[in-house]
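Since the structure comes first, as structure tokens, the remarks are kept for the end.
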Amino acid sequence: MEVRDYIQIAKEAAVLGGYILKENFGAIKREDVEYKAKKDFVTYVDKLSEERIRNFILSVCPQHSFLGEEEGIYGKKDSGYVWIVDPLDGTKNYINGFEIFAVSVALQKDNEIIAGAIYIPMLEKLYWAGKGEGAYLNGSRISVSDRPVDMAIIATGFPFRYEEEIDVYLKAFREAMVTFSAVRRPGAAAVDLAMTAEGVFDGFFEMKLSKWDIAAGMLLVEEAGGIFTNFEGNRELDGNVVAGGKNIHKYLLDIVQRNLL
Ligand code: IPD
Ligand code: CA
Ligand code: CA
């Protein structure tokens, strides 16, 4: 199989999960919400979406490994190919009935993400990208923005799981608020990155994310002509993210490095 085949699989998998999210949207009751940790929830919808996506992917790619947020690793070990999946990114939004949430599906080969898709079911937005193939939204090519700094809107996420990080984070947040025209916190990192690739947001930063939140988004941003790095400025998926068009990335990285490193 080639990258284009993998893109197709990623798209189908994201839509498959998205149907489950859509079908159950608005139906989550208090007793459906389980605690994974303090301030960290999961529902039967996250798990069902992951199971459907995993069954589909491993049925078409039985030689590959699969890493899902909720159930961990399945499939062949050491195959060189790992599907990295967040079956519901934005669980809190989902539980409360806020329509901003997504499914994120990425394929990593050795150390590179080579195909990915992010689906926002309530907006019917399906984003995808392939290494060297560009980034797309519902069939149209997308690219990162080139807005000037004083017009830029930056997306971010709060380190709500890490109370010890809140004070330093707020310093970076403050500087971003002063530097750019606006800062937004939509509540789903995959959405933040997809919309950065689309040029809706001009940049994005967040600390201590997980691979499944950002793997597909990294490829989308890069294939849309943007830059995706960690806080050191390296092209790495270590969970600390600075992304955007070249100019905005430079400003954001500077803010992050002065405050968060
Ligand atoms: C969360 C969202 C959120 C980010 C959190 C993630 P989840 O994912 O992406 O925007 O701030 O750190 O864990 O738990 O809803 O899949
Ligand atoms: Ca997530
Ligand atoms: Ca999730």
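Each ligand, and each atom within it, is numbered from 1 in the order the structure gives. For clarity, every value in this text was computed on a predicted model and none was experimentally measured. We count residues from 1, following the sequence as given.
- Inspection of the Tyr127 and Glu198 side chains reveals an N or O donor paired with an N or O acceptor under 3.5 Å.
- Here the protein contributes Glu69 OE1, Asp86 OD1, Leu88 O as N, O or S atoms under 3.0 Å from the Ca ion (ligand 3).
- Relative to the ring axis of Phe158, Arg185 places its NZ or CZ within 45° and under 6.0 Å from the centre.
- Annotation: cation-pi pair Lys39/Phe160 absent, no NZ/CZ under 6.0 Å from the ring centroid and within 45° of its normal.
- In this structure, the ring-ring contact (aromatic ring centres under 6.0 Å, His included) partners of Tyr94, at least two apart in sequence or on a different chain, are Phe25, Phe101.
- Taking the ring centroids of Phe205 and Tyr169, they lie under the 6.0 Å cut-off.
- Checked by atom type, the side-chain pair Asn24/Tyr44 shows a donor-acceptor distance below 3.5 Å.
- Scanning for salt bridge (charged side-chain N to carboxylate O under 4.0 Å, His left out) contacts around Lys131 gives Glu112, with sequence neighbours left out.
- Near ligand 1, residues Glu69, Asp86, Leu88, Asp89, Gly90, Thr91, Phe160, Arg161, Arg185, Gly187, Ala188, Ala189, Glu206, Leu209, Asp213 come within 4.0 angstrom through at least one heavy atom.
- Ring-centre distance between Trp128 and Tyr136: below the 6.0 Å cut-off.
- Cation-pi geometry between Lys11 and Tyr119 is not met at under 6.0 angstrom from the ring centre and within 45 degrees of the axis.
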